[in-house]
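To find a chain, count down the sequence lines: A is the first, B the second, and so on, and within it residues start at 1. Keep in mind it's a predicted model, so treat the numbers as computed, not measured. The figures that follow rest on heavy atoms only: side chains count, while hydrogens, waters and symmetry mates do not.
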2 protein chains.
Amino acid sequence: MPTSRSYGDACGTARALDVVGERWALLVVRELLLGPQRFTDLRRALPAASSNLVADRLRELESHGVIRRRKLPPPAGSQVYELTAWGRDLEPILLALGDWGTRGPLPPEPSSLSATSALLNLRSYARPAPEAPPATCQIELDDRAWTAEIAAGQVRITPAGPARPDASLRTDPRTLLAMLGNPGALEVAISDGRAETSGDPQVLRVLLENSAFPTG
Amino acid sequence: MPTSRSYGDACGTARALDVVGERWALLVVRELLLGPQRFTDLRRALPAASSNLVADRLRELESHGVIRRRKLPPPAGSQVYELTAWGRDLEPILLALGDWGTRGPLPPEPSSLSATSALLNLRSYARPAPEAPPATCQIELDDRAWTAEIAAGQVRITPAGPARPDASLRTDPRTLLAMLGNPGALEVAISDGRAETSGDPQVLRVLLENSAFPTG
DNA sequence: CCGCATCCGTTTCGATACTG
DNA sequence: CAGTATCGAAACGGATGCGG
């Protein structure tokens, strides 16, 4: 049964927290920032959240107008969840909250790293040379594939792999994050077996070098 | 006993939510945005939160480095809670979240409005004429007093009333909010008995007119 | 397999009462 | 004033079930 607990405060902050303040709600929104996702994708992205929790949060977020349930056109036929325009407005807030969290004096505990989180950081902090030619790269993390399009010094990330990428990279979220702003980490990861690549190596170099990722 | 539940995700957003994602945590932070507060002040500002909850959240926020407990110098002798530098970094995020919440399609339920919230909105959206002379105004809401300093088109708000304000306004949070960008609402509120003023009426007019508060 | 719903033990919340 | 103690209610988290 979905949560219906309110702070009873007309303040905008309290009303926002009535909508996205429940446990896991903002992480569900984060998972949808890169594009629509199916229920099972969300469960795999948030393995620590139980299935009923995810179902409850999706219902609440939908009823509050943050996300929307959509039926994919045949032959896919399956259902996906996607952000509404209002839900997408949370993106800068979530990114700011993420930056705030990484600046904190918390001990860097050993824990997992979500693929979406790594990709959001890649998109935020990658600084591909603006003069580099546009390119398309497939990134596989946690057995799921995304497309990174490099153009005009920007990176766009969308779900699902492209038909014919210029380059391809398979690794884990933490290793990907470690590569940001760390030229050479890619080669090390490949020789360690933590990463595999194919296609044009130069494309990956453009994507990963020159990042503005805050180190330490 | 304080909560010690983690999302187990190294993502910055998840780590931020480990710190300020518990129920009431962000509202406690919001109450401290305008300055240090005593335990009792926080309880009065958040009447729907039970005392043990407030105590738990303060302990957690302190142990995570968001707030700090400070002993006031004699003769006050009492204890106050204040934001650390890291905690103050949450201010733009909280303001953005508040804006997001007010933009939502939620029905405007009848509920209370926190004094801090009204004052944060006043500070954010007041557009006092830059050429107006600097002035100091006392604002009393919910039996507590704040100081609003008007200077150079900006408004600064601090706890506690000034010794000799140029003007004084006593009302309730919702009425104050309704006055923003609503010239004439002040007079109506006064004749309704929902507001009382003293001192230079022009100072209050400068403070409340020309606001950029989003209406509707 | 996907998309949940149900059951159940544990944790947290929220209200009231109480103490230094 | 500044919290702590207690307790019933609700939410969480994990396991399992079940129709499509």
Within the structure shown, what part of the strands sits under 4.0 Å from A49(B) by heavy-atom distance: base, sugar-phosphate, or nothing?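 Answer is nothing: A49(B) stays at 4.0 Å or more from every strand.
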
So what does R69(B) touch, heavy atoms closer than 4.0 Å: a base, only the sugar-phosphate, or nothing? sugar-phosphate

Establish, with yes or no, whether the OP1 or OP2 oxygen of [N] is under 4.0 angstrom from a side-chain nitrogen or oxygen of [X].
| X | N | answer |
| --- | --- | --- |
| R57(A) | dC4(C) | no |
| Y7(B) | dC12(D) | no |
| R23(A) | dG13(D) | yes |
| W24(B) | dT12(C) | no |

Using a strict 4.0 Å threshold on nitrogen-to-oxygen distance, state whether D9(A) and R30(B) make a salt bridge. yes

Interface residues of residues 31-38 of chain B with DNA chain D (non-hydrogen, below 4.0 angstrom):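 Those residues are R38(B).
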
W86(A) six-ring centre to R88(A) NZ/CZ under 6.0 Å and within 45° of normal: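 Pair R88(A)/W86(A) does not count as cation-pi.
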
Does NZ or CZ of R23(A) fall inside the cone over Y7(B)'s six-membered ring, less than 6.0 Å from its centre and within 45° of the axis?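 Yes; both conditions hold, so R23(A) lies above the ring face of Y7(B).
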
Provide, to the nearest angstrom, the distance between the [atom1] atom belonging to [X] and the [atom2] atom belonging to [N].
| X | N | atom1 | atom2 | value |
| --- | --- | --- | --- | --- |
| R59(B) | dT12(C) | CZ | P | 13 Å |
| L17(B) | dC12(D) | CG | P | 14 Å |
| E22(B) | dG14(C) | CD | P | 11 Å |
| L42(A) | dC4(C) | CG | P | 10 Å |
| R43(B) | dT16(C) | CZ | P | 11 Å |
| Y81(A) | dC2(C) | OH | C1' | 11 Å |

Which of these nucleotides, dG3(D), dG14(C), dC12(D), is closest to any side-chain atom of L53(B)?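 Nearest listed nucleotide: dG14(C).
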
Earlier contact from the 5' end, DNA chain D, for R5(B) and T40(B):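 Going by which nucleotide is closer to the 5' end, it is T40(B).
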
Any luck finding a side-chain donor-acceptor pair between [X] and [Y] under 3.5 Å?
| X | Y | value |
| --- | --- | --- |
| Q37(B) | R43(B) | no |
| E149(A) | T136(A) | no |
| E31(A) | S114(A) | yes |

Apply side-chain contact (heavy atoms from CB on, under 4.5 Å) to E22(A) and R5(A), showing your working. CA-CA 9 Å; E22(A) 296 290 329; R5(A) 187 169 47 164; 3.5 Å; yes

Quick one: does S51(B) reach the base of dT4(D) with a side-chain donor-acceptor pair under 3.5 Å? yes

Check: N52(B) side chain, dG3(D) base, donor-acceptor under 3.5 Å: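 In this structure, the two groups form no donor-acceptor pair.
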
